[in-house]
Amino acid sequence: MTRYLVTLLAIALLMGCQTRATEPADALYQALGERPGIEAIVEDLLFRIVDDDRIAFQFRGIDAQQFIVGLSDQICELSGGPCQYTGKDMVTVHRGMAISDSQFNAVAEHLVLAMERHRVGTGAQNRLLALLVPMYPEIVRQ
Amino acid sequence: MTLRMRAILMAGLLLPAATLAEPGSRLWATGGVTTIEGSAGGGLVPWALLSSYASDEEWGGTLSLARAEVSDFTLSVTAAALTWRNRVELSVARQTLDLDDFSFALDDAFGLREDELVQDIFGAKVRMFGDVLYQPWGQWSLGVQHKRNRTFTVPEAIGARSANGTDVYLAGSKLFFAAFLERNVLLNLTLRGSKANQSGLLGFGGDGGNSYRAHVEASAGIFLDRRWLVGAEYRQKSDNLSFANEDDWWDLFVAWVPSRHLAVTAAWVNLGDVATQTDQRGLYLSLQGTF
């Protein structure tokens with residue numbers, strides 16, 4: 001049984017490497033609908049956030065346009081698109097907000113729902129989340 | 001349990017699904033499902049995940065019913081769990097093992113007239129550190145399960161030393177995003193110290209050994225999407241009773257989590273030899289409501 005699991009895991013890792021090697025570097029960017037697709041997702045995300053009592057107060061008074069452009073730049077760059085995020089680093093942006101796990105989870109949920117709404121496939125959703133999750137320690141409890 | 005009690009429980013289980021608001025902020029399926037021992041996990045193996053969707057500022061709970069029908073036995077489990085701030089999980093479970101034809105064998109061999117074994121399990125689990133989704137080292141929890149047999153006549157007759165026992169376990173769980181065919185993969189490893197025979201339903205300790213043994217338990221699952229998880233579990237066991245062989249357990253499962261309120265799990269379980277009955281295999285079905 002354990003031997004099967006190890007074999008399965010080894011195959012998983014190998015296949016993971018293979019798909020990365022053969023596809024274009026901006027495959028995820030394409031899957032997200034390029035820059036217009038990403039902006040539509042981020043805009044949808046912001047609508048969901050301001051509608052959610054758990055987190056809306058953390059976004060009160062922000063410049064909506066700046067938020068949409070900034071986060072879209074970030075996602076575009078992370079996903080291999082031709083953009084560069086030039087805003088402040090994540091620690092600076094979230095300093096003093098004391099963001100809880102509940103609030104972080106709420107935003108993650110809305111991002112997934114926004115991607116679903118814009119028909120981003122499960123695989124592309126997962127790959128974007130994999131790129132965003134390492135930012136968790138820079139965002140929560142700052 | 002009477003039919004009426006079951007009906008009331010079922011209603012209580014489905015009610016939150018129909019009426020209440022979202023039960024907590026943790027992402028879908030990150031509460032796992034309810035194990036046969038009441039702790040959050042898979043079906044047979046407790047995971048480091050805490051029950052419900054309570055995040056760091058919330059509390060939440062689950063109610064669940066499960067049934068496993070293997071070749072010669074039927075196990076029914078009714079369980080409830082409460083989680084505070086994704087830090088502490090408290091659980092209770094009642095297991096009823098219907099002995100079916102084995103009750104005749106017991107009558108022949110020991111003159112015992114019992115047609116079921118009943119065990120209560122009180123569990124506590126603490127998330128020590130980490131987060132299953134967000135930390136590279138995953139989430140690690142420490143848990144105990146205190147188990148009490150309601151009747152000790154059968155376990156005593158077959159050589160068990162004690163009616164009650166306490167399992168201690170350390171569990172680690174980690175979700176790897178887009179790890180296999182761009183799907184998220186959940187891995188769990190649990191190390192358990194236990195004296196239990198068949199999870200305690202046949203008592204604790206025996207003529208073949210009466211000390212704590214370390215058991216390795218593992219699960220691996222892949223999320224087809226955020227609602228469907230398929231995977232396998234393995235649970236190592238002791239063999240303390242000379243009267244019958246005891247095997248390790250394993251299962252293949254599919255869990256459907258259509259919303260935060262409801263989880264349905266089906267599994268193919270292989271319990272091996274149980275109390276002289278060989279090759280106990282069959283279906284497992286569990287229903288969980290979260291509030």
Side-chain angles (χ1 to χ4, degrees), chain A residues 1-20 23 27-28 31 52-55 78-79 98-113 115-116 120-141, chain B residues 21-22 24-28 30 53-60 85-87 127 130-136 174-185 187-189 216-228 231-236 247-252 260 270 272:
Chain A
M1 188 63 201
T2 26
R3 200 170 296 164
Y4 284 121
L5 286 176
V6 170
T7 315
L8 208 71
L9 217 71
I11 293 169
L13 289 170
L14 278 171
M15 292 186 85
C17 297
Q18 272 176 359
T19 47
R20 296 267 153 78
E23 67 180 22
L28 178 55
D52 185 337
D53 294 337
R54 293 172 295 179
I55 45 178
L78 275 171
S79 63
I99 292 172
S100 67
D101 278 320
S102 308
Q103 294 164 7
F104 187 88
N105 282 326
V107 174
E109 170 181 346
H110 290 310
L111 176 61
V112 171
L113 292 175
M115 287 194 287
E116 272 184 10
V120 175
T122 303
Q125 287 183 33
N126 294 342
R127 288 179 62 186
L128 180 61
L129 291 174
L131 296 170
L132 292 172
V133 155
M135 294 180 185
Y136 167 85
E138 298 164 19
I139 293 173
V140 168
R141 285 181 282 277
Chain B
E22 282 291 303
S25 299
R26 266 151 59 199
L27 289 181
W28 308 279
T30 52
Y53 294 103
S55 195
D56 63 347
E57 300 169 305
E58 303 156 344
W59 65 274
R85 295 189 170 183
N86 197 23
R87 178 60 67 187
R127 181 177 61 85
D131 185 287
V132 64
L133 302 181
Y134 305 134
Q135 297 291 6
K174 169 69 184 154
L175 184 100
F176 297 89
F177 285 97
F180 179 59
L181 301 175
E182 300 190 332
R183 293 300 178 273
N184 300 335
V185 172
L187 296 184
N188 303 276
L189 188 68
V216 174
E217 305 173 7
S219 328
I222 179 166
F223 279 95
L224 303 179
D225 62 20
R226 68 178 170 85
R227 293 181 182 85
W228 290 92
E233 292 185 300
Y234 165 80
R235 176 165 166 176
Q236 197 180 25
D247 287 324
D248 297 349
W249 289 350
W250 61 269
D251 73 74
L252 302 171
R260 281 204 184 79
N270 190 332

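Note that the coordinates shown come from a computational prediction; the quantities given were computed from them, not determined experimentally. Letters A, B, ... are given to chains in the order of the sequence lines, protein chains preceding strands, and every chain is numbered from 1.
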Next on the checklist: Taking side chain to side chain contact (heavy atoms under 4.5 Å, CB included) as the definition, give me every residue that meets it alongside A/Leu111, ordered by chain and number, with sequence neighbours left out.
Outcome noted: A/Ile41, A/Leu45, A/Met115, A/Leu129, A/Leu132
Item to check | Residues A/Arg54, B/Glu57: salt bridge by 4.0 Å N-O rule | outcome: no
Next on the checklist: With a 4.5 Å cut-off on side-chain heavy atoms, are A/Leu113 and B/Arg226 touching?
Outcome noted: yes
Next on the checklist: Is B/Arg85 close to chain A through its backbone or its side chain, or both, or neither, when contacts mean heavy atoms under 4.5 Å?
Outcome noted: neither
Item to check | Neighbour count above 12 (heavy atom, 6.0 Å) for B/Trp28 CH2 | outcome: yes
Item to check | Closest non-hydrogen atom pair, B/Ser25 against A/Ser102 | outcome: CB-O, 3.7 Å
Item to check | Nearest-0.5 Å distance, CG of residue A/Asn126 to CZ of residue B/Arg183 | outcome: 6.5 Å
Item to check | Stepwise side chain to side chain contact (heavy atoms under 4.5 Å, CB included) test for B/Asp56 and A/Arg141 | outcome: CA-CA 12 Å; B/Asp56 63 347; A/Arg141 285 181 282 277; 3.7 Å; yes
Next on the checklist: With a 4.5 angstrom heavy-atom cut-off, is it the side chain or the backbone of A/Val140 that approaches chain B, or both, or neither?
Outcome noted: neither
Checklist entry - Which atom pair, heavy atoms only, marks the closest approach of A/Thr122 to B/Leu224? => result CG2-O, 3.7 Å
Next on the checklist: Under a 4.5 Å cutoff for heavy-atom pairs, which residue among B/Asn184, B/Ile222, B/Leu175 has the most contacts with chain A?
Outcome noted: B/Asn184
Checklist entry - Taking A/Ala106, A/Ser100, A/Ala130 one by one, which has the highest count of heavy-atom pairs under 4.5 Å against chain B? => result A/Ser100
Checklist entry - How are the rings of A/Tyr136 and B/Tyr134 set relative to one another: parallel (under 30°), tilted (30 to 60°) or perpendicular (over 60°)? => result parallel
Checklist entry - Do the side chains of A/Glu116 and B/Asp225 get nearer than 4.5 Å, heavy atoms only? => result no
